[in-house]
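Read the structure below first, then the notes.
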Amino acid sequence: MSRLASGLLPLVVCACFGASISRSPVPEAEAIGFHERARSFYQALESVPLDALVTYEDPELKTYFAGPAAFADYYSSLADAVRSLNFRDGRVASLEIQEFRFERPDFARVELRISGKHQRRLRFWEMEMHRTDSWRRVDGVWLVSPDKL
């Protein structure tokens, strides 16, 4: 692959995923795999009630974490943030990945814009919050690595 083509691939990936990406310290194939995995995770969080037991017990969501404690830390942090902003029914209306940033070959950050409707119906506009998630590659698999509350 030419240097020009290899330099353009991250831009094409970003256009497809709607996010920007900085120069990556990981091979392009690995970066694309990470983007697909991260996008699948965040899509699973859209339009579901984050404060509901059925969402918390979703076995698919737990596959993105190293263990139950990591999942509980992340989930409670996200649900608390959404609840404190009074998102209607505890639901994220849309979750947009703003940027993927590979800081090391085994560590990346994902910048997110999360929006939702206000709990009070008279406040009809959408609210938004920004969040940065950390991901680590463990045994070849990218996992969300939550910060402690």
Side-chain angles (χ1 to χ4, degrees), residues 1 5-52 54-119 125-149:
M1 181 180 289
S6 67
L8 291 177
L9 183 59
L11 298 176
V12 172
V13 169
C14 292
C16 292
F17 292 107
S20 66
I21 181 174
S22 56
R23 290 284 176 206
S24 174
V26 300
E28 288 177 9
E30 180 71 30
I32 291 170
F34 169 73
H35 294 135
E36 291 172 355
R37 181 162 172 79
R39 190 181 79 200
S40 293
F41 172 69
Y42 294 118
Q43 283 179 338
L45 294 174
E46 283 185 334
S47 301
V48 298
L50 293 178
D51 57 356
V54 67
T55 305
Y56 181 74
E57 292 180 345
D58 182 344
E60 180 187 346
L61 287 177
K62 293 179 181 186
T63 65
Y64 292 93
F65 296 87
F71 174 71
D73 286 345
Y74 180 86
Y75 193 86
S76 61
S77 170
L78 180 60
D80 186 53
V82 167
R83 190 177 315 113
S84 70
L85 289 174
N86 295 315
F87 277 30
R88 186 177 302 164
D89 302 322
R91 292 177 190 262
V92 171
S94 70
L95 198 150
E96 182 181 338
I97 298 171
Q98 300 286 294
E99 180 181 21
F100 297 95
R101 189 173 54 249
F102 293 92
E103 295 181 1
R104 297 187 306 270
D106 64 343
F107 184 80
R109 293 199 192 275
V110 178
E111 302 285 335
L112 305 166
R113 185 177 64 79
I114 301 169
S115 63
K117 296 183 185 277
H118 196 281
Q119 184 67 29
W125 55 89
E126 285 202 351
M127 305 175 310
E128 70 178 45
M129 65 182 235
H130 295 269
R131 180 181 177 97
T132 302
D133 285 345
S134 301
W135 288 68
R136 295 186 191 283
R137 186 169 39 176
V138 179
D139 297 328
V141 177
W142 285 98
L143 301 172
V144 181
S145 180
D147 298 326
K148 296 288 184 184
L149 289 177

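One is the number of the first residue; the rest follow in order along the sequence.
Across Phe41, Trp135, Phe100, a single residue satisfies ring pair (Phe, Tyr, Trp, His ring centres under 6.0 Å) together with His35, and that is Phe100.
The two residues Ala70 and Pro146 have their closest heavy-atom pair at O-CG, 3.1 Å. Residues Val26 and Pro105 come closest through the heavy atom pair CG1-O, 3.3 Å. Here the closest non-hydrogen pair linking Phe71 and Tyr56 is CE2-O, 3.2 Å.
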Exercise for the section: Give the intermediate values and the outcome of side-chain contact (heavy atoms from CB on, under 4.5 Å) for residues Glu28 and Glu30. Expected result: CA-CA 5 Å; Glu28 288 177 9; Glu30 180 71 30; over 6 Å; no
Handout entry: Candidate pair Ser145 and Tyr74, rule side-chain contact (heavy atoms from CB on, under 4.5 Å), full reasoning
Key = CA-CA 8 Å; Ser145 180; Tyr74 180 86; over 6 Å; no
Handout entry: Verdict with reasoning, Leu61 to Leu45, per side-chain contact (heavy atoms from CB on, under 4.5 Å)
Key = CA-CA 8 Å; Leu61 287 177; Leu45 294 174; 4.0 Å; yes
Exercise for the section: Test Leu112 against Leu95 for side-chain contact (heavy atoms from CB on, under 4.5 Å), laying out the working first. Expected result: CA-CA 7 Å; Leu112 305 166; Leu95 198 150; 3.5 Å; yes
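Considering CZ of Arg137 and CZ of Arg37, their distance stands at 12.5 Å, rounded to 0.5 Å. Taken to the nearest 0.5 Å, the CG atom of Asp133 stands 9.5 Å off from the CD1 atom of Ile97. Rounding to the nearest 0.5 Å places OH of Tyr75 at 9.5 Å from CD of Glu57. In this structure, CZ in Arg131 is found 7.5 Å from OH in Tyr42, a value given to the nearest 0.5 Å.
Between Lys62 and Glu60 there is no salt bridge, since none of the side-chain N atoms of the basic residue sits less than 4.0 Å from a carboxylate O of the acidic one.
Within the 3.5 Å criterion, the main-chain N or O of Glu111 finds no donor-acceptor partner in the side chain of Gln98. With Ser76 contributing its side chain and Ala72 its backbone, the two residues share a donor-acceptor pair below 3.5 Å.
For Phe102 and Phe107, the gap between ring centers reaches or exceeds 6.0 Å.
Remark: the Arg109 side chain and the Ser134 side chain contain an N/O donor-acceptor pair separated by less than 3.5 Å.
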